[in-house]
Asker: 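Here it is, the structure, as structure tokens.
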Amino acid sequence: MNYAQIVLPLNLKGSFTYKVPEDLISQIEVGMRVLVPFGGKKIYTGIVFELHDIAPENFVVKEVISILDDKPIVPEEQIRFWNWLSDYYLCGLGEIYRFAFPSSLKLESETYLKLKPNITIDFENLDVNEMYLIQALEVRQLINLTDIEAFIPKKDIIKTINSLIDLQYIEIDEKIAEKYKAKEVAYVKINDEVLKNQNLTEILLQLKNAKKQKDLFLYILEKQTEDPDILIKKSELFEEGYFGNSHLKGLVERNLVEEYYIQKDRLDSYEGEIEEIEELSEAQKVAKGEIDVGFEEGKNVLLHGVTSSGKTHIYLDKIEDCINEGKNVLFLLPEISLTKQITQRLEKKYGRKLGFYHQKLTDFERVEVWRRIRQNDVSVLIGTRNALFLPYQNLGLIVVDEEHDSAYRPREVSPYFNAKDAALVLGNFYGANVILGSATPSVESYYNARKDKLAYVFLEERFGNVNLPEYELINFKEAQDSKKVSGNFSLQVIDEIKKVLEEKNQVIVLHNRRGYANVVECETCGYVNYCSNCDVVMTYHKAANEMKCHYCGQRASKPKTCPKCYSENLNERGVGVEQIHEEVSKLFPDHEVDRMDVDSMRKKFAYERLYEKIEDRETDIVVGTQMISKGLDFNHIELVAIPKADSLLYVQDFRAEERAYQLITQVSGRAGRVSGKGKIIIQTFNPEHSVFQLIKINKPAKVYKYILTERQKFHYPPFTKLIMIELKHRKEDKANRASQFLGSILRKYLPEDCVLGPEKAQIARLNNLYQFQIMLKLPRGKKYDEYKKLVLTSLKEFDEITAYQSIKKEVFVDF
DNA sequence: AGCACGCCGACT
DNA sequence: GTCGGCGTGCTC
């Protein structure tokens, strides 16, 4: 076994072959990190994916420089998982590696060199570069690879390091442990001296021209004297938004207040009361029993529980079971901001044995979690999709909550994969059970459950036997004709909202479109404002008073006159959530109306603040985009209004109906959680539309049956498999020609009706790249594997055309 | 992905 | 005469 296949953190196909030097053969194992030279002057941290003794013939192999781990950092199950992902989603292992690892575990620049202890160096036999390096190390002890570039020519770096390692003079040092800095929390207190020596009137006199500082000083003083044992966190001062950092700085500069830091063990054991898990209800017990049966049959489970049925409850129970068996749990969520409830409940129970892993952690925090998982020090890991790649030791259960959520398969991050499907496969490799849970399962999962590939567990009643919300459809056309509307709201909806507000309850208004107006159009010449980078009209945001491109983020000021014909006759068309918010505020001037969308939630803590406002019932009406369908579990929301429901359906996507159903149902679940008198009002021009009609009767099985029939009719998943290939280039004709060419190759191998396109993408230009798409509709089953191989062949054939190498190509399997 | 090599326009 | 633009090719 003197050759190794190494995966490098590069967006390159496959792995690279390296020779393992004699002295490393006994130590090297699959799953370890190694340092390898690459392309003349670079050193990368690679992962050993395979060991073999087949000498390559077509190129000269380089040698592994050194091994970075004493035991594999990627467990065998993960190796299989990476290979599966790469195979199934047609993506490179390098891409997966980049995605899976925190950067300080893979970056070459984080690698340091040091002198071996107790050595005598024979300077006579060293060349100039080797001498420089040794001398530098004698002064600095540790040297970063990028620093070496300062005194050794790039091309000689590797040679120099290699020979010094061979001579046993130097070695590789992993600096991660030392660079990891425990998180510190800032606290404030009144300066001790001040308390002893100065009298209060003097201080207040000093602050008489700085009212806020004075207030802040008094606030801190009061808190501190009230109970000296409770420390005052710096962050809590700013929570209200009344004080700012500048006020505190002022006090610190005057030496009145001191800032100090206390190291926080992020995973402090929870000190509050331990919450006993409430007993399961009868329905929940039945569901749990069914899950157990499913597991015994070796099946994974789809837990379809209507909103407020207490799915979390069941998860907790299964998590407990799993831990009692001595195994660990991975709990996946679509996004970390929604973790509040589940996290709090688990924290109370598992304290120290709980871990978090998600996109918002810093690199050190990620490495810390990696270490703990490797040491088997985490029983329950709560995380987002990237948590699938942690080096789990003894995984017994994976829970995928809100399995239908599209955040599990974002399109913009590579490698492209669906975390829900990946979790099923990972569970299989670990021999772990998997529960997919949702109030509105994806059509694919539902279908799999019906086909018995998943055990299907349906939890039909809300916890505590609370009634399900009631739906009402309002024909907006009729309302308009009989003049019973005000703007975008029918008088009936306005009435219903009034009623709820009178009872001091709360209302949600859903409108799933950002901004104020979709388009600003010139009445005179028809000019509309296009984004300069993309083929998209820009959306008008009144709150920020600017035009935004929702695809590339480009911003521009709102034109006062038409840039083309100088007419002042500009018209705003297409209703956005800001406009609905404005309308509602005007309709209910005596109530607190808040807006919740990505634009208004961008500020730090904006979400937390609004969350509390709603919880404290300061907010009467929340107007928001789909964001409000997630995580807002409050007890006093009694009405959900969807003024322009049709906009949910008119999206060019075969999943539009599924999405509309999911969104409406999810947001409905916010209403009447306790009272059981929740109501949903849907305003539409098409009350006869099947989706609305089926939602109204509130029988999920019928909705799925309808959607499945439609999908079957038009040959869409889950009855077929879709692969979408996207080609991008700065020059339109080049992108066009390339995609035509790829299309012709694909048609050569695949039946005509499998290949659709190429076509201009819906957004023909994005970030200055022209995009073309080819959609492959492939049959399921054995045929699929066969066809996919042919797709692979076609893609390879395409890659051989050198003229098209500058084309950016992306493949989305299970689009 | 990065990085070098190589071939054509605007500058000291 | 050179600096630097990005098209093309290669990396075990």
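Nothing here was measured: the structure is a model prediction, and the numbers come from that model. Chain letters run A, B, ... following the sequence lines, proteins first and then strands; every chain starts at 1.
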Asker: So if I define the base as every atom that isn't primed, P, OP1 or OP2, how would nucleotides 6-12 of chain C read as a B/S/- string at a heavy-atom cutoff under 4.0 Å?
Answerer: SSSS-BB

Asker: State whether the side chain of A:Arg374 and the backbone N or O of A:Gln393 hold a donor-acceptor pair below 3.5 Å, judged by distance alone.
Answerer: no

Asker: From CG of A:Leu8 over to C1' of B:dA1, roughly how many Å is that when rounded to an integer?
Answerer: 11 Å

Asker: How long is the line joining CG of A:Asp799 and C1' of B:dA1, in whole Å?
Answerer: 15 Å

Asker: Rounded to whole angstrom units, what separation is found between the NZ atom of A:Lys808 and the C1' atom of B:dA1?
Answerer: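 Interatomic distance, NZ of A:Lys808 to C1' of B:dA1: 10 Å.
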
Asker: Looking only at side chains, do A:Asn767 and A:Tyr551 share a donor and an acceptor under 3.5 Å apart?
Answerer: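 Note: A:Asn767 and A:Tyr551 side chains miss the donor-acceptor criterion.
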
Asker: Determine all donor-acceptor pairs shorter than 3.5 Å in which one atom belongs to a side chain in residues 8-24 of chain A; sequence neighbours excluded.
Answerer:
residue, atom, partner, partner atom, Å
A:Ser15, OG, A:Gln5, NE2, 2.9
A:Thr17, OG1, A:Gln5, OE1, 2.8
A:Tyr18, OH, A:Pro37, O, 2.7

Asker: Side chains of A:Asn2 and A:Asp53: is there a donor and an acceptor less than 3.5 Å apart?
Answerer: no

Asker: For A:Arg780, which residues count as a salt bridge (charged side-chain N to carboxylate O under 4.0 Å, His left out) partner, sequence neighbours excluded?
Answerer: none

